Amino acid sequence: MPRYMLIMRGTDESNAAMMASIDEAMAATGRFIEDLMKAGVLLAAEGLDDPARGVVVDFGGETPVVTDGPYGETRELFGGYFLLDVATQEEAVGWATRMPAVRGSKIEVRRVAEEDEAPQGGQA
């Protein structure tokens, strides 16, 4: 069965709104995870740490440049993901629409490429 990743993307504003009611957000997310588990579609789910604690490795020049967080561009930060084992993109989207998310955030739905779909022999 195909795997789909629901990528949580937030803005500074939506992240602040979520933090303002973090207990409620965590409880709602817990219920969502329980629903995914009951349906047998949850493979993994992880949230990411504060972007201020991260680093960026930039390959834009001659050699890689490592820069401490926070990131310069924070309009849409990748905050975590859910990895689902579902039959179709439509089913993955259905789960994404049920995710407890604050106003201003987005959920990107992407199919995970299978091993046999990777480019071979330099072909894209």
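Here the structure is a predicted model, which is why all the values come from computation and not from measurement. Residue numbers count from 1 along this sequence.
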Find out whether Val56 and Val66 are in side-chain contact, i.e. whether some heavy atom of one side chain is under 4.5 Å from a heavy atom of the other.
no

pair Met5-Arg111: side-chain heavy atoms closer than 4.5 Å:
no

Heavy-atom pair with the smallest gap, counting every atom of Ala87 and Pro2
O-CG, 3.5 Å

Met8 versus Tyr81: any side-chain heavy-atom pair under 4.5 Å?
no

Reported CG-to-CD1 distance for the pair Leu42 and Ile33, which is rounded to 0.5 angstrom
7.0 Å

Which pairs count as salt bridge (charged side-chain N to carboxylate O under 4.0 Å, His left out) when at least one residue sits in residues 84-96, sequence neighbours excluded?
none

Identify the two heavy atoms, one from Leu6 and one from Ala92, that lie closest to each other, and give their separation to 0.1 Å.
CD2-O, 3.7 Å

Quick one: do Leu43 and Ile107 end up in the same hydrophobic cluster if we chain Ile, Leu, Val, Met, Phe, Trp and Tyr together by side-chain heavy atoms under 4.5 Å apart?
no

Taking all atoms of both residues into account, what is the closest heavy-atom pair of Gly10 and Asn15, and its distance?
CA-OD1, 3.9 Å

Output all residues satisfying ring-ring contact (aromatic ring centres under 6.0 Å, His included) with Phe82, sequence neighbours left out; order by chain, then residue number.
Phe32

Hphob cluster co-occupancy, Met37 + Val41, side-chain heavy atoms under 4.5 angstrom:
yes

Minimal heavy-atom distance between Met18 and Ala25, with the atoms involved, is CG-CB, 3.8 Å

Shortest non-hydrogen contact from Val57 to Pro64?
CG1-CB, 3.9 Å

Go through the structure and list residues passing side-chain hydrogen bond (donor to acceptor under 3.5 Å, both in side chains) with Ser14, not counting sequence neighbours.
Thr11

Quick one: list whatever passes side-chain hydrogen bond (donor to acceptor under 3.5 Å, both in side chains) with Glu108, sequence neighbours left out.
Arg9, Arg110

Linked, directly or transitively: Val55 and Phe59 (ILVMFWY side chains, under 4.5 Å)
yes

For residues Val112 and Leu36: do they belong to one hydrophobic cluster (side chain heavy atoms under 4.5 Å, members Ile, Leu, Val, Met, Phe, Trp, Tyr)?
no

Approximate separation, where rounding is to 0.5 Å, of Met99 CE and Ser105 OG
9.0 Å

Which distance, rounded to the nearest 0.5 Å, do you find between the CD1 of Ile7 and the CG of Leu83?
10.0 Å

Can you see which heavy atom on Gln89 is nearest to which on Tyr4, and at what distance?
N-OH, 3.2 Å

Pairs flagged by ring-ring contact (aromatic ring centres under 6.0 Å, His included) wherever residues 92-111 is involved - sequence neighbours left out:
none

Going by side chain to side chain donor-acceptor pair (under 3.5 Å), name the pairs with one or both residues in residues 31-40, residues two or more places apart or in two chains.
Asp35-Arg98

